[in-house]
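Have a look at the structure below before the remarks.
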Amino acid sequence: MFKKAAAFALALTMMCTGMTAYADSIKGGDLNGDGDINVTDVVKLAAHVKSIRALDSKGQAQADLNGDGDINVTDLNILAAYVKGISKTDKPAQPSLDEMAEELAKLVNKERRSRGLTPYVYSPELSKAAAVRAKEIASVWDHYRPDGTLCFTAITQAGISYTAAAENIAEGQTTPQMAFDDFMHSTHHRESMLDPNLTYIGIGVYRQSNGTLEWVQLFASGSGMSGICV
């Protein structure tokens, strides 16, 4: 799958320094396009199969889980088993976006600790801003936002007053480990993850309707942030 990444950092004087779906055993399944595969999707597929309420075109594109060209009870059984965490390969249920975000933060801090660096504080406030950015880069792949402002305005809009900040973005990686590895293999991304002068980290993950994951790491120092070292 095509993957891409970009990094951007901002410090005090606004000087620049300065990575898509997590799959288990099915392809598709997000029938309502909310970024998660859960019981709501099972209900919608059941209604379609029983001719109670037809899925829209986007939902139908996600509903043919075995790829046989038909949407029927077989697809319903596959989706129901998946949501229950049961698959033919006995793989675990798909982690949530929040779980993947926290796992990526843990991987960053594991690397920092191994290098004798203070781990980042995993901030819910900064993660809120990162989640906004993750959704935005699905439509505008840039460190500028859809409204034309710099990515860091998402931080101030989250009620944070920062003195230094950096952003890493990624698309195409299917797991937190893959996203982390791709970030580490790029000089600018790695510098942000290992910056000894930044204090907080926020992670945002967004799943497009086609299953593609968008990853955003935000790093900052300043006020208006809380959290713990994961």
Side-chain angles (χ1 to χ4, degrees), residues 1-11 14-22 97-98 100-115 117-146 149-156 158 160 162-208 212-222 225 227 229-230:
M1 180 178 291
F2 176 72
K3 298 182 290 182
K4 53 188 178 182
F8 191 53
L10 188 74
M14 312 250 331
M15 293 292 291
C16 296
T17 65
M19 277 181 192
T20 359
Y22 189 96
L97 300 180
D98 287 342
M100 286 190 283
E102 183 173 347
E103 178 61 23
L104 181 52
K106 289 179 179 179
L107 289 169
V108 173
N109 275 345
K110 180 180 179 181
E111 185 66 27
R112 288 177 68 87
R113 290 184 176 102
S114 74
R115 295 171 180 253
L117 296 170
T118 301
Y120 279 125
V121 176
Y122 186 43
S123 165
E125 297 87 1
L126 199 55
S127 293
K128 179 180 178 181
V132 170
R133 289 291 297 134
K135 186 173 183 178
E136 289 179 348
I137 64 171
S139 58
V140 179
W141 176 257
D142 203 332
H143 292 295
Y144 282 88
R145 305 178 68 188
T149 62
L150 276 173
C151 55
F152 304 111
T153 60
I155 299 179
T156 55
I160 297 168
Y162 68 88
T163 55
E167 175 180 82
N168 287 344
I169 61 177
E171 178 181 276
Q173 296 74 14
T174 59
T175 68
Q177 185 67 58
M178 289 179 64
F180 173 78
D181 290 344
D182 281 352
F183 282 137
M184 280 296 293
H185 291 155
S186 166
T187 299
H188 291 309
H189 299 86
R190 184 171 62 252
E191 287 175 349
S192 294
M193 291 195 296
L194 302 179
D195 193 323
N197 300 312
L198 294 172
T199 305
Y200 296 91
I201 186 173
I203 306 290
V205 186
Y206 176 73
R207 183 183 288 112
Q208 297 190 47
T212 297
L213 289 180
E214 310 289 342
W215 305 83
V216 171
Q217 295 177 320
L218 286 176
F219 311 92
S221 290
M225 292 170 283
C229 294
V230 293

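Please read these numbers as outputs of a predicted model, since none were measured by experiment.
The distance from atom CG of Leu198 to atom CG of Leu117, rounded to the nearest 0.5 Å, is 11.5 Å. Taking OH from Tyr122 and OG from Ser127, the interatomic distance works out to 4.0 Å, rounded to the nearest 0.5 Å. The distance from the CZ atom of Phe180 to the NE2 atom of His185 is 9.0 Å, given to the nearest 0.5 Å. Here the straight-line distance linking atom CG of Leu107 with atom CE of Met193 works out to 9.5 Å at 0.5 Å rounding. Atom-to-atom distance recorded for Met100:CE and Thr175:OG1 is 9.5 Å, nearest 0.5 angstrom. The CG atom of Leu150 sits 9.0 Å away from the CG atom of Asp142 when rounded to the nearest 0.5 Å.
Ala158 and Ala129 make their closest contact through CB-CB, 4.1 Å (heavy atoms, listed as atom of the first residue, atom of the second, distance). When all heavy atoms of Leu218 and Ala130 are compared, the pair lying nearest together is CD1-N, 3.5 Å. Taking all atoms of both residues into account, the shortest heavy-atom contact from Ser192 to Ala166 is OG-CB, 3.6 Å. In plain terms, the two heavy atoms of Ser221 and Asn197 that are nearest each other are OG-O, 3.1 Å.
The pair Arg133-Glu167 meets the salt-bridge criterion, with a side-chain N (NZ, NE, NH1 or NH2) lying under 4.0 Å from an Asp/Glu carboxylate O.
No donor-acceptor pair under 3.5 Å is formed between the side chain of Arg207 and the backbone N or O of Leu97. Not a single donor-acceptor pair under 3.5 Å links the side chain of Asn109 to the backbone N or O of Pro119. Counting only distance, with no hydrogens or angles, the side chain of Ser114 and the backbone of Glu111 share a donor-acceptor pair below 3.5 Å. Side-chain atoms of Arg113 do not come within 3.5 Å of backbone N or O of Val108 as any donor-acceptor pair. The closest donor-acceptor contact from the side chain of Trp215 to the backbone of Gln173 lies under 3.5 Å.
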Start with the C-alpha distance between Ser123 and Glu125, add both sets of side-chain angles, then the distance that settles side-chain hydrogen bond (donor to acceptor under 3.5 Å, both in side chains), and finish with yes or no. CA-CA 5 Å; Ser123 165; Glu125 297 87 1; 2.9 Å; yes
Stepwise, does the side-chain contact (heavy atoms from CB on, under 4.5 Å) test hold for Val216 with Ile137? CA-CA 9 Å; Val216 171; Ile137 64 171; 3.7 Å; yes
What do the steps show when you test Thr153 against Arg145 for side-chain hydrogen bond (donor to acceptor under 3.5 Å, both in side chains), and what is the final call? CA-CA 9 Å; Thr153 60; Arg145 305 178 68 188; 2.8 Å; yes
side-chain contact (heavy atoms from CB on, under 4.5 Å) between Gln208 and Glu214, worked out: CA-CA 8 Å; Gln208 297 190 47; Glu214 310 289 342; 2.5 Å; yes
Might you work through the side-chain contact (heavy atoms from CB on, under 4.5 Å) test for Val121 and Ile201, ending with a clear yes or no? CA-CA 6 Å; Val121 176; Ile201 186 173; over 6 Å; no
Give the intermediate values and the outcome of side-chain contact (heavy atoms from CB on, under 4.5 Å) for residues Trp141 and Ile169. CA-CA 9 Å; Trp141 176 257; Ile169 61 177; 3.7 Å; yes
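Tyr120 is not listed as a side-chain neighbour of Thr199, based on a closest heavy-atom distance of 4.5 Å or more.
Taking the six-membered ring where the residue is Trp, the centroids of Tyr200 and Phe219 are separated by 6.0 Å or more.
Considering Gln217, His188, Arg190, His143 in turn, Gln217 is the only one that fulfils the side-chain hydrogen bond (donor to acceptor under 3.5 Å, both in side chains) rule with Asn168.
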